[in-house]
Amino acid sequence: TCTMGDEVIPMFHKVAAKKVGDVVCPDNQSECPDDNTCCQLASGEWGCCPLPKAVCCSDHEHCCPNGYKCDVTDNTCTMGDEVIPMFHKVAAKKVGDVVCPDNQSECPDDNTCCQLASGEWGCCPLPKAVCCSDHEHCCPNGYKCDVTD
């Protein structure tokens, strides 16, 4: 049961979280398509470089392939004698779902990520919920879990 003072309500069951297909940026609120790299823009927002494991350039507008160095003076990427044009970043999209702490699982908006007994993440169908110690149930915000019932 979930208790708050004298009020007692039934616990909620968690459901499995879905795996994130996109790259979640460090703010946990923006994401880029798979095989892209999150790079911060001049605005402080996150952008997407259309390359995996890319190098984010200091101008906050461009990026280079992994292993290359940014030459922001000439707008090129260099690796030894090889010189190629820089890539432009595009704005990242905002995550509509709640990203779990593993950055690989997500729950629908207004849900709470709670760890399951397996170590995977589950979704409690409540915002800012209390995750119960049995790793199966959750209670509304402000309530306490009583897993003995």
Using a strict SG to SG cutoff of under 2.5 Å, would you count C49 and C63 as disulfide-linked?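 With an SG-SG separation under 2.5 Å, C49 and C63 do form a disulfide.
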
Compare the SG-SG distance of C64 and C57 against 2.5 Å and report whether it is shorter.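 Answer is no: C57 does not pair with C64 in a disulfide.
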
Measure the [atom1]-[atom2] distance between [X] and [Y] for me, rounded to the nearest 0.5 Å.
{"X": "K128", "Y": "N111", "atom1": "NZ", "atom2": "CG", "result": "13.0 Å"}
{"X": "C107", "Y": "L126", "atom1": "SG", "atom2": "CG", "result": "11.5 Å"}
{"X": "T148", "Y": "D146", "atom1": "OG1", "atom2": "CG", "result": "3.5 Å"}
{"X": "T37", "Y": "F87", "atom1": "OG1", "atom2": "CZ", "result": "11.0 Å"}
{"X": "C123", "Y": "L116", "atom1": "SG", "atom2": "CG", "result": "8.5 Å"}
{"X": "H60", "Y": "E45", "atom1": "NE2", "atom2": "CD", "result": "13.0 Å"}

Check whether any side-chain heavy atom of [X] sits under 4.5 Å from a side-chain heavy atom of [Y], and report yes or no.
{"X": "P65", "Y": "I84", "answer": "yes"}
{"X": "P101", "Y": "W121", "answer": "yes"}
{"X": "C145", "Y": "S133", "answer": "no"}
{"X": "S30", "Y": "C38", "answer": "no"}
{"X": "V72", "Y": "H62", "answer": "no"}

Provide the closest heavy-atom pair for T78 versus V83 in the form atom of the first, atom of the second, distance.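 Smallest interatomic distance, heavy atoms only, reads CG2-CG2, 3.9 Å.
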
